[in-house]
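Structure record follows, encoded as structure tokens.
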Number of protein chains: 2
Amino acid sequence: MNDKLTDRKKKVLQALVDSYITSVEPISSSDIQKRYLPEVSTATIRSELSHLEEMGYLIQPHVSAGRVPSSKAYRYYVDNFIIDDDIDLDAMKEYVARKYDSVAEIVKNGAKIVSDVTNYTSLLMISNSDTLTIKDVKLVDMYDGTALVLIITDSGVIKDKEIQLPTSEDNYIESANSLLGKCFAGKTLSQILSTHVDLDSELNAFKQIFEDVIDLLGEYKKSRDGQLYVEGANKIFDYPESKNYDNVKNFMTIVGKKDKLKELMSDEGNIEFSIKIGAEEGEGLDNMALVSAKYHVKGKEVGQLGVIGPERMDYKRVLTVLKHLGKLIDKLDD
Amino acid sequence: MNDKLTDRKKKVLQALVDSYITSVEPISSSDIQKRYLPEVSTATIRSELSHLEEMGYLIQPHVSAGRVPSSKAYRYYVDNFIIDDDIDLDAMKEYVARKYDSVAEIVKNGAKIVSDVTNYTSLLMISNSDTLTIKDVKLVDMYDGTALVLIITDSGVIKDKEIQLPTSEDNYIESANSLLGKCFAGKTLSQILSTHVDLDSELNAFKQIFEDVIDLLGEYKKSRDGQLYVEGANKIFDYPESKNYDNVKNFMTIVGKKDKLKELMSDEGNIEFSIKIGAEEGEGLDNMALVSAKYHVKGKEVGQLGVIGPERMDYKRVLTVLKHLGKLIDKLDD
DNA sequence: TGTTAGCACTCTCCTATCTTGACTGCTAAT
DNA sequence: ATTAGCAGTCAAGATAGGAGAGTGCTAACA
């Protein structure tokens, strides 16, 4: 991995990727000369191109065609040429302000906004339950010896279910409530599910309730863990790539495979942005790229928002949009 | 619309549709002779075919090709040749029993089951709020003068939100609860939203709460009305039809257009099954068909479940699956 | 040593032409 | 009314030629 590129090689590479991103056609030496490097001859550019090809940055579909960037070139491009300046900030802000007027809607429609603004398919993944804190657990008296279990978190009530009460004593619910609050409040879902609550020594009368509540939490965790929403999967038909049947099928297949997408989106570590490009990622993401960012509500990480599209996507625009939407969501209060 | 077909014409038509459903290639006179009518000559079948074509049942892609059924033929086929016997009942039952073990899951995964078993894309539409009855509305005391509003329906708690209490009087919540129950219990969402609750004459102190609750109900109605889930959109790639780019695009486009799908699914009247075939339905459903059925939980209509796929779909299988799943869901208790 | 002009070479893409095979529609006989 | 036989039509595949695009190489030059 020797990425010592001369200045002119860098320029050529950037020019080629830039051109390709918009035209989606193999780029020839004269294309580059005309629009980016008029001061040197096409022959010179050709020799640079063939050198870059040797180094693995470019691919030539056939001998008399221009060149196309390889995954390595895209990687180099996003690492070196994307200076993430804030050009689109105003447009974004205006967009958000105009179409949606409450934070709840912005969060809910986050994926839609990203998809609309970037014109790529967007992905929204709810963070897994490790980050979710239980604020309180409450029983609400219903009728005929049943009660409603409410699990209240920092983002609202998340699960409710009727359960049978083992007794109809008057203060049973009250006592249970205080005990439940004491045990669960302030903990994360994972903490609760991994620690064994030892109740036998305490009041055995509440054992059933506790088991029910823990079951409920487990159920919720299962249903929520890494839920993934896809928005705008049909954008593929707007790209020239869709003329190729295999591309469409690949794209739709991977967009349908939530597991694979989750795997791609869930990055270890604390990287705020992640960009996965084509072949880099092994099978499944050929000719495609996935850009994703963590996002926060009121300073707390709640999920990841990303974009999946052709490998030659407009990385600058996508990154800008994701970054600003992240900021907007984070800052706003409900 | 003269559908007086001779017995042999019927036989030929059925043979052709049957063949086409499995082969998805134009059917020739000799195909029909070999497999369905060896007792007559191909010439005879040809004359029947050309007669059926005149009548609008068949289409000839070009003069030296076989014939393909028209939408009219499919319509005739489902109306006359589908005797909905219960062949698949056992397989279905086993399937349901094996993979899912609670009703909640069956309902939730209804669309998935249908899609898996039929191998077509399935659609699930939640009935609109006209059929949803409010069982109770409750305020739950939280902290710092806020309360949680719970809207309880016959299918569980459907909406919750924190609101500010106008006062911190001790019995305020209790009084509000009884008043809310009195006003809303037993009514449908639409009833509540369409009738104006005249509170001024009663206790003015609860005015704000009522307005909040009604807002909440309105919000819920909006979010729930005719929600549509699509499962297995990628099945299209399993059909030979997907070799044609336009078919894929059409299919994906209509599957993406939730509004159009809702329109197609929401039948007036009390028809339990509805079958819409291709051109019959005007633009949008070309070369496709949509089969849908209302389904019930505990005897109450909760939505519609359907299948969308190529016009030449296996209607018999689809109808059988939908019918039995409907029965299974309806019968089971929670 | 780096750059350039010039040229031969390669390969895709388009078009035209031909052949083959699959069906049909028609006609005349049964 | 049914059938056999045959001529006619058309899609699809194969083949060939030509145009255009773009490269790699070589030799000359700064």
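Numbers restart at 1 for each chain; the letters A, B, ... are given by sequence-line order, proteins then strands.
- Out of D:dA4, C:dG25, C:dT4, the shortest distance to the side chain of A:S41 is found at C:dT4.
- Closest contact between the side chain of B:V63 and the listed nucleotides C:dA5, C:dT3, D:dT9 involves D:dT9.
- In the model, A:D18 has a side-chain atom that pairs as donor or acceptor with a side-chain atom of A:Y77 under 3.5 Å.
- Rounded to whole Å, atom C1' of D:dT9 lies 13 Å from atom CZ of B:R67.
- Looking only at atom types and distance, the side chain of A:E311 has a donor-acceptor partner in the side chain of A:S71 under 3.5 Å away.
- Taking the ring centre of A:Y57 as origin, the terminal cationic atom of A:K72 falls inside the region bounded by 6.0 Å and 45° from the ring axis.
- Of the candidate nucleotides D:dC10, C:dT10, D:dG22, D:dG22 has the atom nearest to the side chain of A:S28.
- Each of B:G66 and B:A43 has a nearest nucleotide on DNA chain C; the 5'-most of these lies closest to B:G66.
- Distances from the side chain of B:T44 to the nucleotides C:dC26, D:dG24, D:dT2 place D:dT2 closest.
- When rounded to the nearest whole Å, the span between NZ of A:K34 and C1' of D:dG22 equals 11 Å.
- Atom CZ in A:R8 sits roughly 12 Å away from atom C1' in C:dT1 (whole-Å rounding).
- At the phosphate of D:dC10, neither OP1 nor OP2 sits under 4.0 Å from any side-chain N or O atom of B:Q60.
- Side-chain contact between A:F237 and B:M252 is present, with at least one heavy-atom pair separated by less than 4.5 Å.
- Between the base of C:dC23 and the side chain of B:S64 there is no donor-acceptor pair shorter than 3.5 Å.
- Comparing C:dG25, D:dT3, C:dT4 by their nearest atom to the side chain of B:V40 picks out D:dT3.
- When rounded to the nearest whole Å, the span between CD of A:E48 and P of D:dG24 equals 13 Å.
- Between the side chains of B:S50 and B:S47, no donor-acceptor pair is found at a separation under 3.5 Å.
- Along DNA chain D, the nucleotide nearest to A:D31 and the one nearest to B:H62 differ in position, and the one closer to the 5' end is contacted by B:H62.
- A straight line from CG of B:L37 to P of D:dA1 spans 18 Å, rounded to a whole angstrom.
- Across all strands, B:S29 comes closer than 4.0 Å only to sugar-phosphate atoms, never to a base (heavy-atom distances).
- Using a 4.0 Å heavy-atom criterion, one finds that B:E39 contacts the sugar-phosphate atoms exclusively.
- Look at CD1 on A:I27: it is 15 Å from P on D:dA21, rounded to the nearest Å.
- The CD atom of A:Q33 sits 16 Å away from the P atom of D:dA21 (whole-angstrom rounding).
- The separation between B:L58 atom CG and C:dC23 atom P is 15 Å, rounded to whole Å.
- Within the 4.0 angstrom heavy-atom criterion, no nucleotide atom of any strand lies near B:T42.
- Mapping A:L49 and B:R46 onto DNA chain D via the closest heavy atom, the residue that lands nearer the 5' end is B:R46.
- Aromatic ring centres of B:F81 and B:Y315 lie farther apart than the 6.0 Å criterion allows.
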